[in-house]
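Since the structure comes first, as structure tokens, the remarks are kept for the end.
Letters A, B, ... are given to chains in the order of the sequence lines, protein chains preceding strands, and every chain is numbered from 1. Owing to the predicted nature of the structure, the values given are computational and were not obtained by experimental measurement.
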Amino acid sequence: MTSESKRDQKNDTPETGDESLDFIRTIVSADLEAGKNEGRIQTRFPPEPNGYLHIGHAKAILISYGIAQQFGGKFNLRFDDTNPEKEEVEYVDSIMRDMRWLGAEWEDRLFHASDYFGTLYEWAQHLIREGKAYVCSLDGEQMREYRGTVKEPGRPSPDRERPAEESLELLEGMRTGEFPEGAYTLRAKIDMAHANMLMRDPLLYRIRKAHHHRTGDAWNIYPMYDYAHGQSDAIEGITHSLCSLEFEVHRPLYEWFIENLPVPYKPRQIEFARLNLTYTVMSKRKLLQLVEEDRVGGWDDPRMPTICGLRRLGYTSESIRRFCDRIGVAKRDSTVDLDLLKWSLREELNRTADRVMAVLRPLKVVITNYPEGQVEDIECVNNPEDESAGTRMVPFSGELWIEQDDFREEAPRKFFRLKPGAEVRLKHAYFIKCDEVIKDDAGNVIELRCSYDPETRGGNSPDGRKVKGTLQWVSTRHAVEAEVRLYDNLFREPFPEEGGHFLENLNPNSLEVLTGCKLEPGLAEAGDGFRCQFMRHGYFCTDSVDNKPGALVFNRTVTLKDRWAKIEAKK
RNA sequence: UGGGGCGUCGUCAAGUGGCAAGACACAUGGUUUUGGUCCAUGCAUUCGCAGGUUCGAAUCCUGCCGCCCCAGCCA
């Protein structure tokens, strides 16, 4: 381990102790020290199964899971399935798959808010008996009127003083399906003049005659988030219920239920800022819109910030974990630079990905002085960052593909690649010099005639002469063909939601599909989960959906840094 | 402008009265058989602003300014 990575680890992976802790870990650590919760730590991730997980969820998952891990606690997965109209099993499955991939392990602690519908119902009856809840007959519009505004207090519902017996009976009727949707609601009796709108007699239950993916048709009423969430935490013995900032205003209500119900445990809610990333959108609604309007190929389109999208693009779960460590946990709204995510990936792949030669936009090179029909096996280093990765043999011949971009007939000063009369190195092979440029009738360069120096085998000249450029190459006879998908940011603006509609800021060049790309022959067998660096291009992986033996399809996960592109762009 | 939050480098983010960590980005130079990696150097006299307390303030006090969240029978 280098001193660099040691330092990183120290900074990014706080230990219980000397290193600085984020504000949540500071609280957790203090609670532990104070002997709260019998020394237990238990956290949870409570997704609603109505969409796919994205990188923002990854942050939330990794915070809760990471804290449980770090402090010797437990981590639960609980589906917040209180709204049967929007929730589907498809989402349940994808959420579990993505969480496992991220490494967040809930062991045998998989729960559903719907597991607690019975208890929740009994507790609702308890509140009614205590005079702290009542069945209300106001409809949606009336409810809004009675609630007041942020500046004006609300008015009590005419049903606020309904006798407990009557409310109990009506609630039972609601449950058994006696009333149509919207006829009644159950509300907590708190304070219609409270400055916090959520405390103005919030709804506990609404009538919904919908089929639930787990409870079927057993219920005609379903609990609201505020009534289900905190109680579920309490039932499971959650000690620290971590959520995003927008739930901060819900905390007084969360605590009101905990104080007014016979709950077995008293969890504590703590809020942190959710993740935003440049050049993408994170709201479920917008992601769903991209999918439904076919702006992308689906939830797992490699341009999506979803976990499955990032996975298909070629991201490793390790790089996402490291990214989340690096961005930290705080309460201020922030938007992290996408470059930091990309850097987290490159940092890992630079160490772990084997290098391979691929020519994406081929240009033919004929080596005129190379012995007719000869083929040589050239030994190539797999990973200069990792000697244990070893070497491989790649066939070299007198007819090769090189990258079109690696040749300029009229080249600028600092162009180190091939140009008429200039000499470059073919990686691991020989020096070649460009003698002649062949063009078609339209004037396009279609072939280069070059000569090689047999003395430079392996890439060094005995006479000590230097070349500035080193190019990757593929022997035409041995090349395997592939489709290569070059992905770029989904949006062309760092803040796509700012100024106008986000769809107007979609990047029209977020995907470029290249066919007939030439790869070194060893890649013919590349199967599922294969990942490598296409030398001088970037990191690529086989596409998990479309790659087949004999029909290779690669995705560009992320480019390499490109100083030359920067120099060119300046001019 | 009722309530709840938040304002430290371009972006994240440490710091919690003793004199501004780190990472990414950016810039320059070096090394290099990837214009990759790596290495070196630079990059906040200043912590939203204005006062005040103090020998000393990003940290404490007062006032102001800005941004985010809350009026779904969504979560």
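One finds a side-chain N or O of A/Lys566 lying less than 4.0 angstrom from the OP1 or OP2 phosphate oxygen of B/rC26. A/Arg326 has no side-chain polar atom (N or O) that falls below the 4.0 Å cut-off from OP1 or OP2 of B/rU11. Look at A/Arg274 and you won't find any side-chain N or O under 4.0 angstrom from OP1 or OP2 of B/rC69.
A salt bridge links A/Arg208 with A/Glu181; the closest basic N to acidic carboxylate O contact falls under 4.0 Å. Salt-bridge annotation for A/Glu403 and A/Arg536: absent, with no side-chain N of the basic residue lying under 4.0 Å from a carboxylate O of the acidic one.
When every heavy atom of A/Phe117 is checked against every heavy atom of A/Thr215, the shortest pair comes out as CD1-CG2, 3.9 Å. When all heavy atoms are compared, the tightest approach of A/Ile320 to A/Ala58 is CG2-CB, 4.1 Å.
An aromatic stacking contact links A/Trp564 with the base of B/rG35, defined here by ring centres under 5.5 Å apart and ring planes under 30° from parallel.
Counting non-hydrogen atoms under 4.0 angstrom, A/Ser334 reaches the backbone sugars and phosphates but no base. Within the nucleic acid shown, A/Asp226 has no heavy atom closer than 4.0 Å to any nucleic acid atom.
Pairing for B/rU31 is absent, with no Watson-Crick or G-U wobble pair whose two atom distances lie under 3.5 Å. Base pairing annotation: B/rC47 forms no Watson-Crick or G-U wobble pair, as no partner gives both donor-acceptor distances under 3.5 Å. Remark: B/rA75 base-pairs with no nucleotide in the shown strands. Criterion, Watson-Crick or G-U wobble with two distances under 3.5 Å. Figure legend. B/rA13 is base-paired to no nucleotide; pairs are counted as Watson-Crick or G-U wobble with both atom distances under 3.5 Å. B/rG18 and B/rC55 make up a base pair, with Watson-Crick or G-U wobble contacts both under 3.5 Å. Across every strand in view, B/rG2 sits in a pair with B/rC70 that passes the Watson-Crick or G-U test at under 3.5 angstrom. A 3.5 Å limit on both hydrogen-bonding distances identifies B/rG42 as the Watson-Crick or G-U partner of B/rC26.
Rounded to a whole Å, the NZ atom of A/Lys209 is 19 Å from the P atom of B/rC73. Taking atom CG of residue A/Asp201 and atom C1' of nucleotide B/rG72, one finds them 17 Å apart after rounding to whole Å. When rounded to the nearest whole Å, the span between CG of A/Leu198 and C1' of B/rA75 equals 12 Å.
With sequence neighbours left out, the salt bridge (charged side-chain N to carboxylate O under 4.0 Å, His left out) criterion links A/Arg206 to no other residue.
Remark: the A/Arg208 side chain and the B/rC73 base include a donor-acceptor N/O pair separated by less than 3.5 Å. For B/rG35, the base has a donor-acceptor partner in the side chain of A/Arg417 [N/O atoms by modelled type, under 3.5 angstrom]. Contact of A/Arg332 with B/rU8 (side chain to base): a donor-acceptor pair of N or O atoms is detected under 3.5 Å.
For A/Asp562, whose side chain is taken as the heavy atoms from C-beta onward, the closest listed nucleotide among B/rC12, B/rG35, B/rC24 is B/rG35.
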